[in-house]
Amino acid sequence: MNTRQHITHVVLTGGVGSRLWPLSRKSQPKQYLSLFAGRSLFELTVARNAALVTDVIIVGNAGNCHLSTEVMVKKEASYTHIIEATPRNTAAAIAFAAFASEPDDILVVTPSDHIIEETDLYERTVEEAIALAKNNYIVTFGIQPTKPEIGYGYIEFEGSNVLAFHEKPNIETAVAFIAQGNYLWNSGLFCFKAGLYLEELKKQEPELYKYSKIAWESNVDGMLDYDLSMQIPAISVDYAVMERSKNIRVVPSHFGWSDLGSFESVYEYLVKTGHPVDDKGNISIGSTIHTAFVGVENCLLVHSSDALLILQKEKSQDVKHVYQQLESVGSELI
């Protein structure tokens, strides 16, 4: 009898990346763009965790599952694919992976669109989280901040204890968090036993648990039914479990990390890795045409085949408003 405990990498691939329009689209979200030495963030995510786990579960949606499949077939990697008929946020997405697992299986849950550097530090951090998860804790990863950042939520902590979760702050509050020294960025990385997660979900959000279970039990080869899925409340894992459970621990993490959630973070990554930048801090992305910036500083020109975006780096969070406006009029540009 095989008594080996399974450690499963749960890869969440449902994000659209609206703040990276026009590069990121519904048909080709940012996690599948081959911008990193010919590899995508999704590929890098799977590769980074391969040596740490025994199994892989990919939770995606009907619109992008073929993109995940292409990568995994090319890698000749075994995995389980769970395909959501419609997005119901992260609490349900993780629940499906937990239902597909044995109760004592350890789930290492990661988004598919993060850049992580210093792999040795990352591996040690994951191993620390797995050890906590084996002792029946629900573990979140908190990233040591490098600057006041308004695009991330924060975790207030003491040792491995979580004192409070805080929503994305304004700049004044972010500066105060950094000065206080016991705040971490909320990374969206988690680790726990599958059964423990489901117990907490059932306790905190019984309706979400109930309808997620019904949808999962009616899946056909991992594909979920649309009508059953629409009954599931769309709630984030942060609100459903992490912010309400009494059984949470945090692993303060010091590896290089970015969710590349805005063009400011993309800018910083590209410049650090040698992308051309002029003497006023301006860069061009996606265009081979000679581009000159006159009278402006810290700007990005982002070019795709059918759209052009020009923005000041510090205003990169506002790109989502462009995406939302295009979405509201049913534009094919998204």
When E205 is tested against each of R244, R88, K210 for salt bridge (Lys or Arg N to Asp or Glu O under 4.0 Å), which residue passes?
->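 It is R244; the other options fail the test.
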
Listed by chain and number, what are the salt bridge (Lys or Arg N to Asp or Glu O under 4.0 Å) partners of K134, not counting sequence neighbours?
->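 None.
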
For the pair [X] (side chain) and [Y] (backbone), establish whether a donor and an acceptor sit closer than 3.5 Å, ignoring hydrogens and angles.
| X | Y | answer |
| --- | --- | --- |
| S218 | A215 | no |
| E43 | S40 | yes |
| E156 | N182 | no |
| D278 | N282 | yes |
| S304 | V302 | no |
| S212 | A92 | no |
| R19 | G261 | yes |
| S245 | V241 | no |

Can you confirm whether the side chains of [X] and [Y] place a donor and an acceptor under 3.5 Å from each other?
| X | Y | value |
| --- | --- | --- |
| T110 | H9 | yes |
| S229 | D227 | no |
| Y79 | D55 | no |
| N136 | N247 | no |

Could you give me the CA-CA distance, side-chain angles and deciding distance for Y323 and H321, then say whether ring-ring contact (aromatic ring centres under 6.0 Å, His included) is met?
-> CA-CA 5 Å; Y323 184 95; H321 301 311; over 10 Å; no

Does a side-chain N-to-carboxylate-O contact under 4.0 Å join [X] and [Y]?
| X | Y | answer |
| --- | --- | --- |
| D306 | R25 | yes |
| E149 | K168 | no |
| K272 | E117 | yes |
| E264 | K147 | yes |

What is the distance from atom [atom1] of [X] to atom [atom2] of [Y], rounded to the nearest 0.5 Å?
| X | Y | atom1 | atom2 | answer |
| --- | --- | --- | --- | --- |
| H6 | T54 | NE2 | OG1 | 5.5 Å |
| T146 | H254 | OG1 | NE2 | 13.0 Å |
| W257 | I143 | CH2 | CD1 | 6.0 Å |

Which class fits the ring pair Y32 and F42: parallel under 30°, tilted 30 to 60°, perpendicular over 60°?
-> tilted

Once the angle between the rings of W185 and Y154 is folded into 0 to 90°, is it parallel (under 30°), tilted (30 to 60°) or perpendicular (over 60°)?
->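 If you compare the ring of W185 with that of Y154, the planes turn out perpendicular.
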
Neighbour count above 12 (heavy atom, 6.0 Å) for [X] [atom1]:
| X | atom1 | answer |
| --- | --- | --- |
| Y137 | OH | no |
| Q144 | CD | yes |
| K203 | NZ | no |

Test ring-ring contact (aromatic ring centres under 6.0 Å, His included) on H166 and Y183 and set out the steps.
-> CA-CA 9 Å; H166 298 271; Y183 287 80; 5.4 Å; yes

Using distance only, find each side-chain donor-acceptor pair of residues 325-334 under 3.5 Å and give its atom names and separation, not counting sequence neighbours.
{"unit_1": "E327", "atom_1": "OE2", "unit_2": "K26", "atom_2": "NZ", "d": "3.4"}
{"unit_1": "S328", "atom_1": "OG", "unit_2": "Q325", "atom_2": "O", "d": "2.6"}
{"unit_1": "S331", "atom_1": "OG", "unit_2": "L333", "atom_2": "N", "d": "3.0"}

Can you find a pair of side-chain heavy atoms, one from H303 and one from I285, that are under 4.5 Å apart?
->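 SC-SC contact between H303 and I285 ruled out.
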
Please tell me if the side chains of L107 and C191 come closer than 4.5 Å, counting only heavy atoms from C-beta onward.
-> no

Check: F99 ring centroid to Y209 ring centroid under 6.0 Å | yes

